[in-house]
Undergrad: 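I'd like to ask you about the structure that follows.
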Amino acid sequence: MSVKGNKDLPIASEEEDLFGLQDYYRGLADFIDGCETPFTIALQGDWGSGKTSMMNNIAARLNKHYIIRFDTWQYAQFGGEAELSIALLDAITNEVRDKLSSGSQAARGLKDKFSSIKKRLRFNLTLGIPNVFSVQYRNDNESSENEDKAYYDSIKTFHDEFGKAVHELTEASNAKVIIFIDDLDRLHPTRAVELLEIIKIFLDVEGCVFVLSIDYGVVTLGIKAKYGDDLMYQKGKSFFDKMIQLPFQIPVNFYKMNKLLNNTFERMGISINQNYQIAELIEQCVGSNPRMVKRVLNSFELLVDILNIEKSAKQEQQYIYLLFILILQLYDEHLYRYLLRSNKWALPSKDENSIFNAKVKDISDEKYIINELFDGDDKVGTPSIKKTISFIKTMDVLLGKEDISRENNIELFQTLLHQSQVTSFGTAEISHTNIIELTEGTELTNLAIRGLIIDGQKEFVLDTYRDAFIKILETLIDEEKFKAFVNSREKTNKAHLPDRIFSQIDGTSSNNDIKYHVSSIKRVNGVNLVLHYGRKDLNNYLFSFLEAFNIKTKIYLKVVDAE
């Protein structure tokens with residue numbers, strides 16, 4: 001199927017519609033085909049929710065019309081946002097002009113009028129004026145009321161010439177000019193609003209339909225940046241309502257996950273009796289983001305082939321485990337890395353050291369997860385903690401309850417877990433490790449720790465600052481001296497070390513320990529310390545210890561940027 005005037009437009013066939021949205025594509029295309037012009041439609045949805053695919057599918061059904069595509073992302077990703085407005089005007093103008101006959105008077109007029117304002121548009125940008133049509137600035141060498149009026153007149157003339165060109169193009173064929181502008185919601189909100197203001201000059205042109213990929217929320221944020229909090233909602237709603245005649249929310253909740261799975265498994269030659277279990281797992285963990293779902297399935301297809309897993313219904317358990325592990329790679333790197341480096345989780349759930357002991361309703365369990373997986377740097381009740389607990393519950397169910405089968409399942413899960421690293425970002429980032437000196441003022445917040453070097457000689461592989469804290473004290477301070485120091489309240493107070501970090505003083509337990517989960521109490525040089533604190537506090541405590549023992553040894557951390 002071809003699209004008039006645009007041979008390069010990607011066409012999506014029904015076979016490529018893996019999420020079962022053909023009725024929506026068809027309905028929107030029919031609506032656009034029959035609507036009165038001018039008209040503007042906004043396709044709304046999260047990043048990766050399939051707006052580009054929807055645009056392609058709609059365009060494929062409108063082949064009797066003239067299609068213009070403009071993707072803002074190709075400019076934004078290479079730092080071209082500043083000239084985005086000019087690029088858009090240029091693209092629309094050239095597309096319309098090129099579709100007219102070579103001798104068209106309207107084509108010549110459109111080219112001339114756009115050339116007359118293009119130079120002024122660029123000049124405005126050099127002055128840092130966000131709206132390229134603005135003339136409200138002061139420059140002794142340039143600005144004058146007469147020039148401003150002439151500029152506005154040239155814009156109006158350009159608008160009129162564009163209308164004539166569209167009329168000439170569409171009159172005989174009874175077609176429309178349909179302009180798809182994609183990825184507006186990937187721009188900074190202020191840039192997105194600026195671009196919408198540019199689009200306004202075309203919105204009342206008969207014969208034109210605009211299909212925009214933009215959310216109301218992005219417009220609201222852009223309005224906030226321009227007008228402040230007080231006018232954000234009122235102006236945002238007014239701006240959106242005036243421009244958009246039809247807002248359309250991408251129906252991600254109606255995606256047919258089974259259709260996508262069937263297509264993927266059929267292509268792989270896999271036979272699975274209970275697709276619904278895998279579909280439910282993906283929907284529960286990943287949600288309805290097509291891009292992310294496809295990414296999980298791409299990694300899955302690669303690993304099944306690399307591992308040479310038998311392609312039959314007998315391997316359903318392996319498929320489910322592998323999919324779950326790949327989901328963790330994408331959506332919970334903390335838990336994924338924890339499972340890779342630690343064997344605690346593989347112990348029977350009755351063992352108090354197992355993450356499966358966490359009772360989700362108990363607030364102390366979130367503290368346990370924070371200490372075990374997040375190095376004490378997160379807070380109770382955050383979405384990341386709740387997500388991790390949800391994954392742990394799902395994993396606990398997948399591994400089964402009976403001791404014998406659970407042990408076998410864990411062994412299989414561990415094997416697949418380690419084999420999955422070939423598709424993990426984490427494996428690649430190790431090669432980009434930096435080494436930083438640890439000082440009292442080192443900023444550790446956005447760093448993922450990978451190792452520890454003491455005095456340039458002793459090197460340790462570890463993943464949390466808490467483990468580094470323990471290893472440094474045990475390496476640099478004699479155990480007996482450490483015990484004597486800790487058991488002297490006078491010495492610890494003099495070193496500005498609060499009693500709350502000591503679980504045991506003079507052989508008696510502190511009453512403060514009652515509120516701490518057992519996971520936050522760690523054995524250091526034969527002494528129990530309460531280490532539920534974040535990195536900043538632990539770093540302060542560490543250097544208080546080192547100063548008290550007059551230790552000047554250089555300490556380095558191997559880190560990668562966690563952002």
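Computed from a prediction, not measured in an experiment: that's the story for all the values here. Numbers here are sequence positions counted from 1.
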Undergrad: Give a yes or no on whether Lys111 atom NZ has more than 12 heavy-atom contacts from other residues, nucleotides or ligands under 6.0 Å away.
TA: no

Undergrad: Is the distance between the ring centroids of Phe31 and Phe39 under 6.0 Å?
TA: yes

Undergrad: Which heavy atom of Lys242 sits nearest a heavy atom of Gln245, and at what distance?
TA: O-NE2, 3.8 Å

Undergrad: Taking only residues two or more places apart in sequence, or in another chain, which ones meet Asp30 in a side chain to side chain contact (heavy atoms under 4.5 Å, CB included)?
TA: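 Expected list: Arg26.
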
Undergrad: Once you round to the nearest 0.5 Å, how far does CD1 of Ile392 lie from OH of Tyr338?
TA: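 Going from CD1 on Ile392 over to OH on Tyr338, the span is 8.0 Å.
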
Undergrad: Please test Ile68 against Ile178 for side-chain contact (heavy atoms from CB on, under 4.5 Å), starting from the C-alpha separation and ending with a verdict.
TA: CA-CA 6 Å; Ile68 297 175; Ile178 305 172; over 6 Å; no

Undergrad: Tell me the closest heavy-atom pair linking Glu206 and Pro38, and the distance in Å.
TA: OE2-CD, 3.5 Å

Undergrad: Would you please say whether a donor-acceptor pair under 3.5 Å links the side chains of Arg295 and Asn298?
TA: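 Result is no, nothing qualifies.
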
Undergrad: Would you call Val177 and Val209 a side-chain contact if the rule is heavy atoms closer than 4.5 Å?
TA: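 SC-SC contact between Val177 and Val209 ruled out.
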
Undergrad: State whether the side chain of Thr40 and the backbone N or O of Ile244 hold a donor-acceptor pair below 3.5 Å, judged by distance alone.
TA: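 Not at all, since once roles are kept as given, no pair shorter than 3.5 Å links the two residues.
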
Undergrad: Which residues satisfy the salt bridge (Lys or Arg N to Asp or Glu O under 4.0 Å) test with Asp204, sequence neighbours excluded?
TA: none

Undergrad: Mind checking what makes ring-ring contact (aromatic ring centres under 6.0 Å, His included) contact with Phe248, not counting sequence neighbours?
TA: none

Undergrad: Between Thr52 and Asp182, is any side-chain donor less than 3.5 angstrom from a side-chain acceptor?
TA: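 Result is yes, a qualifying pair exists.
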
Undergrad: Nearest 0.5 Å, please: how far is CD1 in Ile41 from CD1 in Ile32?
TA: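 Answer rounded to 0.5 Å: 4.0 Å.
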
Undergrad: Starting from the C-alpha separation in whole Å, work towards a yes-or-no answer on side-chain contact (heavy atoms from CB on, under 4.5 Å) for Gln318 and Leu323.
TA: CA-CA 8 Å; Gln318 287 198 66; Leu323 281 167; over 6 Å; no

Undergrad: Would you please name every residue forming a salt bridge (Lys or Arg N to Asp or Glu O under 4.0 Å) with Lys386, sequence neighbours left out?
TA: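 Glu366.
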
Undergrad: Run the side-chain contact (heavy atoms from CB on, under 4.5 Å) check on Ile179 and Phe202 step by step: do they pass?
TA: CA-CA 10 Å; Ile179 304 165; Phe202 298 109; 5.6 Å; no

Undergrad: In chain order, what residues pass the side chain to side chain contact (heavy atoms under 4.5 Å, CB included) check against Ile306, with sequence neighbours excluded?
TA: Leu302

Undergrad: Please check if the side chain of His65 supplies one atom and the backbone of Lys176 the other of a donor-acceptor pair under 3.5 Å.
TA: yes

Undergrad: To the nearest 0.5 Å, what is the distance between CG (Leu28) and CG (Leu246)?
TA: 7.0 Å

Undergrad: State, with a plain yes or no, whether a side-chain heavy atom of Arg535 is found less than 4.5 Å away from one of Ile449.
TA: yes

Undergrad: The criterion is side chain to side chain donor-acceptor pair (under 3.5 Å); which residues satisfy it with Thr93, sequence neighbours excluded?
TA: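 Checked Thr93 against side chain to side chain donor-acceptor pair (under 3.5 Å); zero matches.
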
Undergrad: Measuring from Lys393:NZ to Leu398:CG, what's the distance to the nearest 0.5 Å?
TA: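 One gets 13.0 Å once the value is rounded to the nearest 0.5 Å.
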
Undergrad: With sequence neighbours excluded, what pairs up with Phe210 under the ring-ring contact (aromatic ring centres under 6.0 Å, His included) test?
TA: none

Undergrad: To the closest 0.5 Å, what do you measure between CD1 (Ile181) and CG (Leu88)?
TA: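 So the gap between those two atoms works out to 4.5 Å.
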
Undergrad: Check Val205 against Gly163 and note the closest heavy-atom contact, atom names and distance.
TA: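 Shortest heavy-atom contact: CG1-CA, 3.8 Å.
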
Undergrad: Walk me through whether Leu110 and Phe158 qualify under side-chain contact (heavy atoms from CB on, under 4.5 Å).
TA: CA-CA 7 Å; Leu110 184 59; Phe158 167 67; 3.7 Å; yes

Undergrad: Checking Gln329 against Ser299 for the side-chain hydrogen bond (donor to acceptor under 3.5 Å, both in side chains) test, could you report, in this order, the C-alpha distance in whole Å, the side-chain angles of both residues, the deciding distance, and whether it holds?
TA: CA-CA 10 Å; Gln329 279 187 359; Ser299 298; 5.2 Å; no

Undergrad: Who passes side chain to side chain contact (heavy atoms under 4.5 Å, CB included) against Ala106, sequence neighbours left out?
TA: Leu100, Ser104, Ala165, Glu168

Undergrad: Tell me, please, which residues at least two apart from Asp332 pass salt bridge (Lys or Arg N to Asp or Glu O under 4.0 Å).
TA: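 Applying salt bridge (Lys or Arg N to Asp or Glu O under 4.0 Å) to Asp332 gives none.
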
Undergrad: More than 12 heavy atoms of other residues, nucleotides or ligands under 6.0 Å from CG of Asp98: is that the case?
TA: yes

Undergrad: For His167, look at atom NE2 and say whether over 12 heavy atoms of other residues, nucleotides or ligands are found less than 6.0 Å away.
TA: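 Atom NE2 in His167 is not crowded, with 12 or fewer foreign heavy atoms closer than 6.0 Å.
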
Undergrad: Please tell me if the side chains of Lys164 and Leu169 come closer than 4.5 Å, counting only heavy atoms from C-beta onward.
TA: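 Of all side-chain heavy-atom pairs linking Leu169 with Lys164, none is under 4.5 Å.
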
Undergrad: For Ile325, is there any backbone N or O sitting under 3.5 Å from a side-chain donor or acceptor partner on Ser420?
TA: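 No.
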
Undergrad: Return the CZ to CE distance between Phe180 and Met54, rounded to the nearest 0.5 Å.
TA: 11.0 Å

Undergrad: On a heavy-atom basis, which atom in Ile67 and which in Leu62 lie closest, and how many Å separate them?
TA: CD1-O, 4.1 Å

Undergrad: What residues, two or more places apart in sequence or in another chain, satisfy side chain to side chain contact (heavy atoms under 4.5 Å, CB included) together with Gln105?
TA: Arg108

Undergrad: Once ring pair (Phe, Tyr, Trp, His ring centres under 6.0 Å) is applied, what residue pairs with a partner in residues 83-102 remain, sequence neighbours excluded?
TA: none

Undergrad: In the structure I gave you, are the side-chain heavy atoms of Leu417 and Tyr321 within less than 4.5 Å of one another anywhere?
TA: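 Side chain of Leu417 against side chain of Tyr321, heavy atoms only: no contact under 4.5 Å found.
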
Undergrad: With side chains defined as the heavy atoms from C-beta onward, is the minimum distance between Leu340 and Gln421 less than 4.5 Å?
TA: yes

Undergrad: Quick one: are Ser173 and Tyr66 in side-chain contact, heavy atoms under 4.5 Å?
TA: yes

Undergrad: Output yes when Asp33 and Lys64 qualify as a salt bridge under the 4.0 Å nitrogen-oxygen rule, no when they do not.
TA: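 Salt bridge: yes.
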
Undergrad: Report yes if the side chains of Ile92 and Phe70 come closer than 4.5 Å at any heavy-atom pair, otherwise no.
TA: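 No - every pair of side-chain heavy atoms lies 4.5 Å or more apart.
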
Undergrad: Please identify each residue that fulfils salt bridge (Lys or Arg N to Asp or Glu O under 4.0 Å) with Lys200, with sequence neighbours left out.
TA: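 Lys200: no salt bridge (Lys or Arg N to Asp or Glu O under 4.0 Å) contacts found.
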
Undergrad: Looking only at heavy atoms, what is the nearest atom pair of Asn57 and Arg61, with distance?
TA: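 It is O-NH1, 3.0 Å.
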
Undergrad: Please tell me if the side chains of Leu212 and Leu43 come closer than 4.5 Å, counting only heavy atoms from C-beta onward.
TA: no

